[in-house]
Amino acid sequence: TAILIDCVCVCVCVCVCVCVMYARIRLSLPESWLTVPWARGADGWESEHLRLCPQDYTCCSSQMEETLALQSERDFLRAIEENSQFLLTTFTQRHRRFDEFFRELIDLSEKSMNQMFTKTYGRLFTQNAHVFQELFVELRRYYSGGSVSLSEVLSDFWSRLVERVFSLVNPQYQFSEDYLECVSKHAEQLQPFGDVPRKLRVQVSRAFIAARALSQGLATGRDIVNKATKVNSECVRGLMRQWYCPLCRGMPSLRPCHSLCLNVMKGCLANQGDLDTEWNNFIDALYQVSEKLEGPFNMELAADSISVKVSEAIMHMQENSVSISTKVFQGCGNPRPAPGRSKRSPKESGGNRRPFRTYSPEEKPTTAAGTNLDRLVTELKERLRPMRGFWVSLPHTICNDEKMAADVTNEDRCWNGQTRGRYLPDVTGDGLVSQINNPEVEVDIARPDVRTRQLIMELRVVTNKLRHAQSGQDMDFMDSEEGSGSGGGDHGERYNDDWPGYGPYSPSNNKPPRNPASNPAKPPRVREKNGAKWNRNNGHGRVRSAASQLTLSLVPLLSLPFMVTVAPMWR
């Protein structure tokens, strides 16, 4: 009997040394771990009482078990980080590239306008350049997330330009500020630029709304991945039992059974599984907005068209300047003649006009980054496709790693949580509620994780913004602007000249083309006193209101400042 006991002790000691040496190599444990405290009981040699692993002969002390438990948690977090790196990298890099691209498009648009208009209009433009600078300042502020209404920005732009240009179109007269306000007030009736301002508003609004929504969506995706991968490990017992208890039993090379791993992972990632529905909706919305930017809401064309559309508007007014001025004089009264004026030279008036630069659909401009929108969108869509279902598939992704679990074909020669053999319990479903019968991880399904609920709400909010952006609507201004908003009232309109390859009617949307004449205008402004008619006597006595400055009707008059000085040469 004594010899048998001694043999058992030798075997146990050898097992201890092998396990501890393996643990030192794998975990870089200190030399002191070679000295493991052992106690001799009545029935032979036993380890200290273990808290997580099965109570049987073992190589581990309670202190070593605790260290291995912490290591199992680190392994788990590292596995999540490695498998989610694709998401984080995609959202971070794509957001940076799109953001740089969109900002550069705005810069190039402003630079292009300055160059073209300086050549075309000379001092007429440079003296009023601040009006255009303010427009681009507001466009940048909107794109950056500022509380800015695009329709108001454009209306204010045209309004400012009207008050300067009308004087230049009629240099033989002297106009007071009140008189120019009267001109602005009735711009909706005048429509000196025809339908061009409305088309510009629709095109710019749709593109900027979609661009901002996509940029914000990518940034939100990055933040949500960062938050969702910061797991509060309340499943250390399950992690330890599957990965390191085999080591304590003297079987360091034995991997956990695939089904055991799935149950542990689904329990540990139960809250992440609840993100699946909203996550998929979010990915779908990102994909659809990116397609819109590639097609009818093309940001490149919109940015490039600003100066072109303004030029078209000016040309329209040039052709109708006499009739427009006559209507203004009838409505606002006869202005006072200018006391004396000197004729501008043809050189100052921009006599040598050059046609504006435009791009064909096949010739897409590239930014300094050496790319264009089509390329960026194509790359993004390729990366978005595999992101659907990421959170519910994460347990399978981790357990399919041969370092983390045994292959599914090796069901009889894997660690089942107690010893070598088949794992019998069923694999649980996805999400928090499905973990009620999880045999490996205790999950309180009655107390949903607060942080996960917050992430779900964030996903819903950004998805809603993306879906509204698909129809050219800015959710932040829908209520305040009564549907017209930043393109909100024009989401059914398309223009052949705005969107290459897109006609006014597409069978895919099942909507007939809209008649511009039937398009409801914004509610008429409240007019002072006899405002129903143009009144010469009280046309100067109006009080300027912010609303009147920002209405869409002012858009046509915006180009008038250019026309004024150049009118003699244009005729």
Side-chain angles (χ1 to χ4, degrees), residues 117 121 123-135 138 151-194 196-197 310 313-314 316-318 320-342 344 349 522 524-568 570:
F117 279 29
Y121 303 115
R123 289 180 59 186
L124 169 62
F125 171 72
T126 57
Q127 290 173 352
N128 295 279
H130 64 281
V131 175
F132 296 89
Q133 292 171 358
E134 291 173 5
L135 168 65
E138 291 301 302
S151 63
E152 291 183 355
V153 167
L154 291 171
S155 295
D156 192 42
F157 166 69
W158 294 106
S159 172
R160 287 170 178 269
L161 202 53
V162 162
E163 296 182 359
R164 289 161 177 80
V165 172
F166 188 77
S167 299
L168 299 175
V169 173
N170 297 278
Q172 68 274 28
Y173 297 106
Q174 186 177 29
F175 301 101
S176 66
E177 182 179 351
D178 288 340
Y179 194 97
L180 294 177
E181 287 179 2
C182 177
V183 175
S184 299
K185 177 181 178 181
H186 299 287
E188 184 176 358
Q189 295 167 268
L190 293 172
Q191 293 191 349
F193 304 133
V196 173
V310 171
I314 293 175
H316 185 277
M317 173 144 186
Q318 175 189 356
N320 299 276
S321 59
V322 175
S323 61
I324 292 170
S325 297
T326 301
K327 292 179 181 178
V328 171
F329 297 157
Q330 291 174 352
C332 295
N334 292 322
R336 292 179 296 175
R341 62 182 183 88
S342 59
R344 287 180 170 82
S349 300
K522 296 184 69 174
R525 305 175 202 160
V526 177
R527 305 191 181 190
E528 303 80 4
K529 297 182 181 179
N530 300 326
K533 294 176 59 178
W534 289 32
N535 191 308
R536 300 188 184 193
N537 296 325
N538 44 22
H540 308 286
R542 297 179 300 103
V543 178
R544 180 193 294 256
S545 66
S548 65
Q549 296 180 39
L550 300 177
T551 54
L552 179 61
S553 62
L554 298 180
V555 173
L557 291 176
L558 188 54
S559 306
L560 283 172
F562 293 103
M563 289 294 307
V564 179
T565 306
V566 188
W570 290 345

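Positions are given from 1 along the sequence.
Between Val310 and Phe117, some side-chain heavy-atom pair lies under the 4.5 Å cut-off. Residues Leu135 and Leu154 are in side-chain contact: their nearest non-hydrogen atoms beyond the backbone lie under 4.5 Å apart.
Remark: Thr126 OG1 to Leu124 CG distance equals 8.0 Å, nearest 0.5 Å. Rounding to the nearest 0.5 angstrom, the gap separating the NZ atom in Lys185 from the CG atom in Leu180 is 14.5 Å.
Ser323 pairs by the side-chain contact (heavy atoms from CB on, under 4.5 Å) definition with Asn320, not counting sequence neighbours. The side-chain hydrogen bond (donor to acceptor under 3.5 Å, both in side chains) test applied to Glu134 returns Arg160, not counting sequence neighbours.
The two residues Leu190 and Val183 make their nearest non-hydrogen contact at CD1-O, 4.1 Å. The heavy-atom pair separating Tyr179 from Pro335 by the smallest distance is OH-CD, 3.8 Å.
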